[in-house]
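Accompanying notes for the structure given below.
One-based numbering, in listed order, for ligands and for the atoms of each.
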Amino acid sequence: MDLCNLSVIRELMAEAGISFRKEYGQNFLTNRIIPEEIAENCTDSLDSMIIEIGPGIGCLTAELASRYKKVIAVEIDKGLIPVLNKTLSEFDNVTVINEDVMKLDIKALVDRYSEGIPVSVCANLPYYITTPILMHLIESGVKFSSITVMVQNEVAARLAAKPGTADYGAITAVIGYYGEVRKLFKVSAGSFVPMPKVDSAVVRIDLYDEKPYVPKDEKLFRNIIKAAFEMRRKTLSNAIGAKLGFSKAAVAEALRSLGLDENVRGERLSVSDFVKLSDALCNN
Ligand code: SAM
């Protein structure tokens with residue numbers, strides 16, 4: 001069964017008495033090469049357990065199940081469960097869980113199913129909730145090998161941006177703290193049904209075993225990043241001073257001690273700069 005074929009998708013959904021649910025960000029892939037490419041490039045170890053978020057009717061799930069040891073697919077839409085039971089019936093290495101991923105204890109899920117093998121995430125994410133899902137995964141405490149996700153092209157550009165560019169933002173610095181981000185390829189809006197308004201792209205995050213830079217106070221580090229990008233038009237000294245209650249002079253002094261100009265803006269700072277700045281300020 002070609003799960004990217006438009007007639008097959010429509011027929012499966014009609015049989016189940018369901019239609020596309022906009023509130024769940026349902027845009028299903030109709031270009032067969034894309035799920036193949038995503039599955040092929042999402043992680044290096046075939047002996048992996050893959051967590052998929054939002055299997056839809058299962059086009060990516062089937063590609064993952066035929067390559068990797070185990071797949072756990074988490075789907076919020078109850079109406080899709082009978083469809084998935086049918087389309088994935090040939091695979092005995094897939095477990096479908098009908099749940100909102102944001103309500104799932106990811107650590108407990110991994111402890112229950114992974115049996116010590118490497119774990120990665122691979123998903124065509126629902127766009128209404130991309131960033132919260134990424135943060136939920138990354139903050140779960142699970143040591144994922146990689147997280148590969150299809151997101152809106154502009155979000156992909158943000159995730160993979162370099163410091164000093166227009167796309168560089170808080171999410172770039174926060175995710176960059178946990179791992180290395182690569183944009184794999186772009187996917188045109190015409191590859192989905194219903195067709196979204198914008199193009200998409202696939203990004204892969206390889207999580208660090210050992211983070212190269214670790215702040216003394218992670219909360220302060222995160223707050224500094226938040227302040228830096230919430231008040232983008234201000235210099236960093238003004239933004240951090242205003243938001244976090246440090247004196248402008250103390251921030252300027254900390255920046256100078258790192259060899260940075262006191263009038264620098266947040267988007268110029270790399271993750272390591274943010275870590276050093278946070279450490280310089282944490283005893284103030
Ligand atoms: N994987 C399919 C594909 O590539 O064709 C479908 C991807 S579609 C963009 C997003 C999927 O995520 C939908 O199946 C939707 O029902 C599901 N979804 C949306 N919100 C979810 C949530 N909070 N938890 C789990 N699944 C969710």
Side-chain angles (χ1 to χ4, degrees), residues 1-13 16-42 50-68 71-88 91 94-106 109 120-137 140 147-153 155-156 184-203:
M1 203 178 334
D2 179 359
L3 298 177
C4 285
N5 180 294
L6 200 52
S7 320
V8 172
I9 298 173
R10 291 203 195 287
E11 203 173 309
L12 284 165
M13 293 182 72
I18 55 173
S19 40
F20 295 106
R21 295 186 67 168
K22 206 173 168 193
E23 73 273 29
Y24 288 153
Q26 290 180 353
N27 301 99
F28 294 169
L29 278 163
T30 52
N31 179 347
R32 205 157 55 89
I33 299 163
I34 309 295
E36 285 173 11
E37 284 292 309
I38 300 174
E40 190 63 31
N41 292 293
C42 74
I50 310 291
I51 299 180
E52 185 193 5
I53 296 148
I57 65 155
C59 67
L60 176 59
T61 328
E63 295 298 333
L64 292 167
S66 58
R67 285 173 176 76
Y68 300 98
V71 179
I72 309 292
V74 181
E75 174 55 61
I76 196 171
D77 185 355
K78 199 168 148 216
L80 284 167
I81 305 302
V83 180
L84 287 165
N85 288 338
K86 181 171 176 180
T87 59
L88 301 173
F91 299 103
V94 179
T95 304
V96 176
I97 297 175
N98 179 207
E99 188 55 271
D100 175 348
V101 71
M102 296 304 292
K103 293 191 182 143
L104 261 190
D105 180 338
I106 305 288
L109 181 86
S120 286
V121 173
C122 183
N124 171 13
L125 285 183
Y127 296 157
Y128 74 102
I129 197 176
T130 305
T131 307
I133 291 179
L134 280 177
M135 293 316 298
H136 184 55
L137 293 168
S140 66
I147 297 178
T148 303
V149 283
M150 177 135 68
V151 296
Q152 286 180 326
N153 195 36
V155 177
L184 298 186
F185 53 90
K186 203 171 154 184
V187 180
S188 70
S191 304
F192 303 86
V193 62
M195 191 168 107
K197 289 198 181 75
V198 292
D199 290 336
S200 297
V202 178
V203 291

Residues which pass side chain to side chain donor-acceptor pair (under 3.5 Å) with Q26, listed by chain and number, not counting sequence neighbours | D77
For each nitrogen or oxygen atom of ligand 1, which protein N/O atoms lie closer than 3.5 Å, and how far apart are they, rounded to 0.1 Å?
residue: ligand 1; atom: 1 (N); partner: G54; partner atom: O; Å: 2.8
residue: ligand 1; atom: 1 (N); partner: P55; partner atom: O; Å: 3.4
residue: ligand 1; atom: 4 (O); partner: N124; partner atom: ND2; Å: 2.8
residue: ligand 1; atom: 5 (O); partner: L29; partner atom: N; Å: 2.9
residue: ligand 1; atom: 14 (O); partner: G56; partner atom: N; Å: 3.3
residue: ligand 1; atom: 14 (O); partner: E75; partner atom: OE1; Å: 2.7
residue: ligand 1; atom: 16 (O); partner: Q26; partner atom: NE2; Å: 2.9
residue: ligand 1; atom: 16 (O); partner: E75; partner atom: OE2; Å: 2.6
residue: ligand 1; atom: 20 (N); partner: Y128; partner atom: OH; Å: 2.8
residue: ligand 1; atom: 23 (N); partner: D100; partner atom: OD1; Å: 2.9
residue: ligand 1; atom: 24 (N); partner: V101; partner atom: N; Å: 3.0
residue: ligand 1; atom: 26 (N); partner: I76; partner atom: N; Å: 3.3

So, E63 and R67, do they make that salt bridge, N to O below 4.0 Å?
-> yes
Determine whether more than 12 heavy atoms belonging to other residues, nucleotides or ligands lie under 6.0 Å from atom CG of L6.
-> yes
Smallest separation among heavy atoms of A62 and F91, with atom names = O-CZ, 3.6 Å
Nearest heavy-atom approach of N27 to F192 is O-CD2, 3.7 Å
Would you say E99 has more than 12 foreign heavy atoms packed within less than 6.0 Å of its CD?
-> yes
